[in-house]
Amino acid sequence: MLNVPSQAFPAPGSQQRVASQGRSKVPLKQGRSLMDWIRLTKSGKDLTGLKGRLIDITEEELKTHNKKDDCWICIRGLVYNVSPYMEYHPGGEDELMRAAGADGTDLFNEVHRWVNYESMLKECLVGRMAVKPAVPKGMLSKSQVTDTLPREGPSSPSYDWFQTESSVTIAIYTKQKNINLDSVMVDLQGDSLRAETFIQDHSYLVHIGLSHEVQENFSVRVIENVGKVDIVLQKRENISWKCLGQPLEKHDSFIPKKDTGLSYRRCQLISKEDVTHDTRLFCLMLPSSTHLQVPVGHHVYLKLSVTGAEIVKPYTPVSASLLSGFREPVPPPNKYIYFLIKIYPDGLFTPELDRLQIGDFVSVSSPEGNFKLSKLQEVEDLFLLAAGTGFTPMVNVLNYALTCMSSLRKVKLMFFNKTEDDIIWRCELEKLAFKDKRFDTEFVLSAPSPEWNGKQGHVSPALLSEFLQRSLENSRVFLCICGPTPFTDEGVRLLHDLNFSNDEIHGFTA
Ligand code: FAD
Ligand code: NAD
């Protein structure tokens, strides 16, 4: 890797030598303070020009980015485009330019050691140096890095592995910034490790027969701003591994998600609770050797074997409750998946599911779905239209909106059911509306009792235009709709008639 010799810095005559103690600061232009920089980094502006993609950079490539308006610097193996930061740098542009197109690690260590540059510059991260990273102290060297670039879609990820006396870490370099714990699914069965990472609409698979035994429990970490996933396995015996293991089926493949099959793991039924006369809350426990988190708005398939035949149906996980703190004791996160499922007495799958005893097993697939959380960015008014169990995807969307969307002003649910007895979590919805003034809910019944004095009927122009009132005239809106197919189709048609665009609507369909 390129290194700017440390003795060359600060250069004779530089502002830092002029100052008797440490470095001097240069006056910054107005609007270029640290706070201004933080504001800029949080504005969502693309500061690398790569639209969130992370790339591998060769020394040759790095060298070419050596001008003020195109200045890349490598710090501890990671490459940053510091051009947008030039005017905000308290030490001045000239000091930054000393490391332009080069490895500025030594320079940085001398002058900025105390600065949290990873956080300051995270929006400027371009990628990492395409050389094999140095093996950290205490780890034994051994690696396999692949790097093939597909012609279209995201760059192909690669993986590497390291070991200490007691652990083995498999590091997956996704080359994408917006990776989180939902993006990774890991199953460890005996010596077989299967790790699938979802990157945009693609799937990257690490599938290995491990060379030595490991313990059942492992941990998964995601370093979001670097797009790196670490799977940390614990060795059964503290011996040095000479190789990670043997490649298994489709190992190291990177293919469109639609071309991958579903993978299943057996989960145990932990509890079953009546929510309405025909709908129950099922709690399933994932095996301890599985890491699986279903992204907001996505679903999984449940599979049961009934007299030798396998039956599979899709279901959308929900949170255990709409109101945290209502259920005690709170189980540890990520080990349990909850489902609200309506039992149809004459249905194929749900009566079988309902017959399961606590402790029985049901297979749960990898997640699927095309809902994109990025659609909710900067949304101010969120409208949710649900019918019957079409409420299920709304649960996590609603939780996400109220906890993570800083732009949100209002979220409204219009919930269509046949009768009052069919309304799922009515009490929780009412309590939530009372607790959080941004949330409001309206119930519409298609077959109400004579006592019902609320709204009635099917989805209609009159109901929608009254419901879809923006909090401000030009507020940014988004609408989600889910229910029986005729309901969703009719709803989407009416929303188009009301001049909402496809970009503003997500219809959950099969
Ligand atoms: P089915 O055998 O499918 O029968 C259901 C009902 O339809 C019965 O009353 C049956 O008599 C009737 N029926 C079946 N075939 C016909 C026919 N040809 N003509 C007329 N009527 C017929 N459901 C939930 O409860 N919770 C969820 O979280 C959930 N998430 C879903 C997510 C997705 C992406 C999708 C597509 C569906 C989801 N569903 C959910 C619905 C679920 O997948 C099943 O369709 C539902 O549980 C019924 O399954 P079943 O096999 O028991 O009933
Ligand atoms: P339901 O029969 O109890 O009906 C609920 C409401 O839907 C009715 O009160 C009515 O207002 C409306 N509705 C029903 N039929 C309609 C029609 N033909 N035209 C207009 N509106 C109509 O509903 P349910 O038994 O709970 O079924 C829920 C449906 O939602 C299922 O078909 C299920 O597959 C679907 N679902 C889909 C997803 C997904 O992500 N795609 C998730 C969960 C549920």
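The first residue in the sequence is number 1, and the count goes up from there. Order of appearance sets the numbers: ligands from 1, and atoms from 1 within every ligand.
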Going by a strict under-4.0 Å cutoff (protein heavy atoms only), does [atom] have a neighbour on the protein?
atom                    : result
atom 9 (O) of ligand 1  : yes
atom 13 (N) of ligand 1 : no
atom 34 (O) of ligand 2 : no
atom 32 (C) of ligand 1 : yes
atom 1 (P) of ligand 1  : yes
atom 35 (C) of ligand 1 : yes
atom 51 (O) of ligand 1 : yes
atom 18 (N) of ligand 1 : no
atom 24 (C) of ligand 1 : yes

Are there more than 12 heavy atoms of other residues, nucleotides or ligands under 6.0 Å from atom [atom1] of [X]?
X    : atom1 : result
E430 : CD    : yes
K250 : NZ    : no
K437 : NZ    : yes
D436 : CG    : yes
Q215 : CD    : yes
D274 : CG    : yes

Hey, is [X] touching ligand 2 through its side chain, its backbone, both or neither, going by heavy atoms under 4.0 Å?
X    : value
N417 : backbone
L445 : neither
F391 : neither

Under 3.5 Å, is there a donor-acceptor pair between the [X] and [Y] side chains?
X    : Y    : value
D191 : H212 : no
K257 : Q200 : no
S167 : Q234 : no

* **Close N or O approach (T485, ligand 2; < 3.5 Å)** => no
* Asked: Is there any N or O on T392 that sits under 3.5 Å from an N or O of ligand 2?
  -> no
* Backbone N or O of R409 within a donor-acceptor pair of the E380 side chain at under 3.5 Å? -> no
* **Heavy-atom donor-acceptor pair, N399 side chain to S319 backbone, under 3.5 Å** => no
Suppose we measure from [atom] to each protein heavy atom; which comes out shortest, and what is that distance?
atom                    : result
atom 46 (C) of ligand 1 : Y315 OH, 3.7 Å
atom 43 (C) of ligand 2 : T389 O, 3.2 Å
atom 3 (O) of ligand 1  : K313 NZ, 3.0 Å
atom 11 (O) of ligand 1 : D346 OD2, 2.7 Å
atom 6 (C) of ligand 1  : Y344 CD2, 3.8 Å
atom 53 (O) of ligand 1 : G347 CA, 3.4 Å

* Structure fact -> In ligand 1, the atoms that come under 4.0 Å of a heavy atom of L348 are 1 (P), 2 (O), 50 (P), 51 (O), 52 (O), 53 (O)
* Check whether any heavy atom of F339 sits under 4.0 Å from an atom of ligand 1. => no
* **4.0 Å heavy-atom contact, T509 with ligand 2** => yes
* Structure fact -> ligand 2 atoms nearer than 4.0 angstrom to some heavy atom of P486 are 17 (C), 18 (N), 19 (N)
Quick check: [X] and ligand 1, any N/O pair under 3.5 Å apart?
X    : value
H299 : no
P351 : no
K342 : yes

* So, do F508 and H506 have ring centers that fall under 6.0 Å from each other? -> yes
* Does the gap between the ring centers of F383 and F467 come in under 6.0 Å? -> yes
I want to confirm something. Looking only at heavy atoms, which of [options] is nearest to [atom]?
atom                    : options                : answer
atom 2 (O) of ligand 2  : K313, K418, H298       : K418
atom 37 (C) of ligand 1 : P484, P345, G390, P314 : P314
atom 39 (C) of ligand 2 : A387, C482, P314       : C482
atom 10 (C) of ligand 2 : M394, H458, K342       : H458

* Asked: What closest approach, in Å, do W241 and S211 show between heavy atoms, and which atom pair accounts for it?
  -> CE3-OG, 3.7 Å
Please list, one pair per line, the donor and acceptor atoms closer than 3.5 Å that link side chains of residues 180-187 to other protein atoms, with sequence neighbours excluded.
from	atom 1	to	atom 2	distance (Å)
N180	OD1	D182	N	3.0
N180	OD1	S183	OG	3.3
D182	OD1	Q293	NE2	2.9
S183	OG	N180	N	3.0
S183	OG	N180	O	3.1
D187	OD1	R265	NE	3.2
D187	OD1	T290	OG1	2.7
D187	OD2	R265	NE	3.4
D187	OD2	R265	NH2	2.5

* Applying ring-ring contact (aromatic ring centres under 6.0 Å, His included), run through H299 and F371 and close with a yes or a no. => CA-CA 10 Å; H299 55 271; F371 180 74; over 10 Å; no
* Structure fact -> So for L340 against ligand 1, with non-hydrogen atoms under 4.0 Å, the contacting part is backbone
* Structure fact -> Honestly, for T316 the part within reach of ligand 1 (heavy atoms, under 4.0 Å) is both
* Carefully, step by step, assess V206 and D252 under the rule side chain to side chain contact (heavy atoms under 4.5 Å, CB included). => CA-CA 5 Å; V206 169; D252 204 20; 5.7 Å; no
* Test ring-ring contact (aromatic ring centres under 6.0 Å, His included) on F416 and F487 and set out the steps. => CA-CA 10 Å; F416 295 79; F487 166 85; 5.1 Å; yes
* Asked: Mind checking what makes salt bridge (charged side-chain N to carboxylate O under 4.0 Å, His left out) contact with K342, not counting sequence neighbours?
  -> none
